[in-house]
Amino acid sequence: MEVKGEKLEIGYDGRIVVREMDITVKKGEITTIIGPNGSGKSTLLKALTRLLRCSMGCVYLNQEDLYNIDSKKLAKCIGVLPQRHCAPPDFKVRDLVGYGRVPYQKWYEQNTEEDEKIIEWALKATGTWALRDKSIQECSGGESQRIRLASQLGSGLVGVTYVLDEPSIGLHPRDNERLIATLRSLQGRGNTVLVVEHDEATIREADHIIELGPGSGAHGGDMVYHGSFENLIKHSETLTAKYMRGDLSVPIPDERREPKGWLTLRGVTTNNLKDIDCPIPLGTLTCVTGVSGSGKSSLVVDTLYKHLALAQGIRVDQPGSIRGIDGVEAIERIVAIDQTPIGRTPRSNPATYTKIFDEIRNIFAMTPDARKRGYQPGRFSFNVKGGRCEACSGDGQIRVEMHFLPDVYVTCDVCGGKRYNHETLEVRYRGLNISEVLDMPVREARQFFSNYPVLERRLAVLEDVGLDYIRLGQPATTLSGGEAQRIKISRELGKRSLPGTMYILDEPTTGLHMHEVGKLVTVLHHLVELGATVVVIEHNTDVILASDYVIDLGPGGGENGGRIVAAGTPEAIMADPNSVTGKFLTEERRTRRKLGDG
């Protein structure tokens, strides 16, 4: 089905995110939306599927106004791939795929021989046939992505517009080939596919590309390119085009660091790991990679992190099975930096999480007007009574409970979202009140507070991790997982030195454009330069190539995985004929050179 948007203007939290945009998703094509982090991709996707209402403009589905279509009819026209399985915990993989064809209550009674054949085809097409009797709860992130696609294939629907937000999350390059083949299968059956994606292979395979930008936040929200991949490479000067041509690239170190020591996990049998001994170099950036289901999370999260946490007196659930650890005395602090929110209410924001707000409140308390009134730093906190708006308790928003639906927040009509009462807002520093300062992007705030070295340094770190566009007081509920993770990294980068610290990151490139991946790699190396050891689970080829050491698990997934296929520098991985990852690293370099020469 064709989806068309005319003069779309989309915003939330008082900000325009997408500006006066005309967009067409042609029937029967694979259309990929690309662009920097925070450029408005997911916001546009939600507007095109009626998950978010446009401020201005109209969206049409086959020339019919999207907002006039009956909900039941719309559900048959647009299929949004869910981010999580909504299935009973005892479901096996084949049950979930079958569930797409027959209602769950009647599934075991009504499945026919034809159903079984289609389910088998869907599982084999997505490379999940070997997982058919596995519990949904036991599947890895990459496996879950492919199973969700299999459930869509198994549904047998035709003439549907499928909407996918970063389907390549958790997928190794080998599994990504299967993903692309699955998208082509959906297309081949008369469906339209709309994808938001950063993965280069998926972008190359798109029939039509729409790029938003040119930057992030207030510098994004415009359509900077639409057309074929060939024209993107040959004629466009967008950020994505420059990276895919090789004009810009993620830096690869000239030399790999030598380990300062080793920590060795012995006899690891967690989940599908096959009684392996795994040496991990200290004082380096180490990347653990491998195909989906090969045992990466079992090794790094369930075993390495949880046992080191236990050694430091931190309570954890179900640590992995292991005979012992050598070299544990070298680790004084273990930190897992994940993509969970920095807070679950609008009260939490980047300024409070990074302690920047403490400095700002002190600055306001030292202004002549504040001293004259006897205001202390606490007066400028929205967490305590005194200076905050009591109608919304300093949230700036009022929570409205929705029965059977997630709660929604509406702007406080007393303070207008400013969080503070009138008396507090009368105090100004360099012409701005505390609410206006919290509304500033990091880039502007760094210049504004350039006379305060401590504050300026912390703001500079947020810029270094690529978050110069986020606002100091931006509610945590509006931050993506990647943004939350980089805010956490920035707080660690603010420390002077980190000897004896090990950081664990699970797929930190999730949701990041190539440009942001380069910034992420830079800050991860900075952590190592401060004396830390960094261990990441990652499939992104740029991160793998930028690492000092790589541990490649496999050779397959599930029972066919759980072994160390290769270990060493990226160059050693590429030279190892047994490594599937090495093969894709070599091909990626070759493809980049071809595109650059073309």
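Side chains included, hydrogens not; waters and symmetry mates left out as well; all remaining heavy atoms used. Given the structure is predicted, the values throughout are model-derived calculations rather than measurements.
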Charged N-O contact under 4.0 Å between [X] and [Y]:
| X | Y | value |
| --- | --- | --- |
| Glu444 | Arg471 | no |
| Arg204 | Glu230 | no |
| Glu177 | Arg174 | no |
| Asp338 | Lys488 | yes |
| Arg256 | Glu571 | yes |

Would you check if [X] and [Y] make a side-chain contact, meaning some heavy-atom pair closer than 4.5 Å?
| X | Y | answer |
| --- | --- | --- |
| Asp506 | Val300 | no |
| Leu505 | Val535 | no |
| Pro173 | Thr541 | yes |
| Leu212 | Val224 | no |
| Val193 | Thr32 | no |
| Met502 | Leu308 | yes |
| Leu512 | Leu520 | yes |
| Pro555 | Val580 | no |

Using the ring pair (Phe, Tyr, Trp, His ring centres under 6.0 Å) criterion, which residues pair with [X]? Sequence neighbours excluded.
| X | result |
| --- | --- |
| Tyr305 | none |
| Tyr549 | Trp262 |
| Phe448 | Tyr429 |

On a heavy-atom basis, which atom in [X] and which in [Y] lie closest, and how many Å separate them?
| X | Y | value |
| --- | --- | --- |
| Asn349 | Leu472 | OD1-O, 3.4 Å |
| Lys274 | Glu559 | NZ-O, 3.2 Å |
| Ile34 | Glu197 | CG2-O, 3.4 Å |
| Gly293 | Asn272 | O-ND2, 3.1 Å |
| Pro253 | Ala546 | CG-O, 3.5 Å |
| Gly215 | Ser39 | O-CB, 3.4 Å |

Among residues at least two apart in sequence or on other chains, which ones pass side chain to side chain contact (heavy atoms under 4.5 Å, CB included) with [X]?
| X | result |
| --- | --- |
| Asp175 | Arg146, Leu171, His172, Arg178, Val291, Ser292 |
| Lys260 | none |
| Ala566 | Asp552, Ile573, Asp576, Ser579 |
| Pro251 | none |

Could you check whether any side-chain N or O of [X] sits under 3.5 Å from a backbone N or O of [Y], counting only pairs where one atom can act as donor and the other as acceptor?
| X | Y | value |
| --- | --- | --- |
| Asn540 | Thr509 | no |
| Thr478 | Pro475 | yes |
| Glu483 | Ser480 | yes |
| Arg491 | Tyr353 | yes |
| Thr533 | Gly283 | yes |
| Ser547 | Val550 | no |
| Ser216 | Asn37 | yes |

side-chain contact (heavy atoms from CB on, under 4.5 Å) between Val536 and Val543, worked out: CA-CA 9 Å; Val536 299; Val543 176; 4.3 Å; yes
Candidate pair Glu211 and Thr238, rule side chain to side chain donor-acceptor pair (under 3.5 Å), full reasoning: CA-CA 8 Å; Glu211 182 167 1; Thr238 67; 2.6 Å; yes
Pairs satisfying side chain to side chain donor-acceptor pair (under 3.5 Å), at least one member in residues 513-522, at least two apart: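 Sorted pair list: Thr240-His513, Tyr243-His515.
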Listed once per pair and sorted, the salt bridge (charged side-chain N to carboxylate O under 4.0 Å, His left out) pairs that draw on residues 343-354, sequence neighbours left out: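 Matches after skipping sequence neighbours: Arg347-Asp395.
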Pairs touching residues 482-510 that satisfy ring-ring contact (aromatic ring centres under 6.0 Å, His included), sequence neighbours left out: none
Nearest-0.5 Å distance, NE2 of residue His526 to CG of residue Leu493: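 Reported to 0.5 Å precision, the distance equals 6.0 Å.
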Atom pair CD1 (Ile209) and CE (Met244), whose distance is rounded to the nearest 0.5 Å: 7.0 Å
Leu299 and its side chain to side chain contact (heavy atoms under 4.5 Å, CB included) partner, picked from Asn271, Thr270, Ile564, Ile276: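 The residue from Asn271, Thr270, Ile564, Ile276 that satisfies side chain to side chain contact (heavy atoms under 4.5 Å, CB included) with Leu299 turns out to be Ile276.
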Step-by-step side-chain contact (heavy atoms from CB on, under 4.5 Å) determination, Leu183 to Leu164: CA-CA 10 Å; Leu183 297 181; Leu164 303 93; 4.1 Å; yes
Report all side-chain donor-acceptor pairs from residues 309-324 shorter than 3.5 Å, counting only partners two or more places apart or in another chain.
from, atom 1, to, atom 2, distance (Å)
Gln312, OE1, Ile334, N, 3.4
Arg323, NH1, Asp275, OD1, 2.8

Pair Glu538-Thr289, side chain to side chain donor-acceptor pair (under 3.5 Å): steps then yes or no: CA-CA 6 Å; Glu538 194 52 78; Thr289 189; over 6 Å; no
Arg257: partners by salt bridge (Lys or Arg N to Asp or Glu O under 4.0 Å), with sequence neighbours left out: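 Salt bridge (Lys or Arg N to Asp or Glu O under 4.0 Å) list for Arg257, sorted by chain: Glu529, Asp548.
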Working for side chain to side chain donor-acceptor pair (under 3.5 Å), residues Tyr469 and Gln474: CA-CA 11 Å; Tyr469 61 92; Gln474 187 168 331; over 6 Å; no
More than 12 heavy atoms from other groups under 6.0 Å of NZ on Lys355: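 Counting other residues, nucleotides and ligands, NZ of Lys355 stays at 12 neighbours or fewer.
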CD (Glu237) with more than 12 external heavy atoms under 6.0 Å: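 Above 12, so yes.
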Trace of the side-chain contact (heavy atoms from CB on, under 4.5 Å) decision for Ile504 with Leu304: CA-CA 9 Å; Ile504 305 290; Leu304 175 63; 3.7 Å; yes
Side chain to side chain donor-acceptor pair (under 3.5 Å) evaluation trace for Ser168 with Asn176: CA-CA 6 Å; Ser168 69; Asn176 219 31; 4.7 Å; no
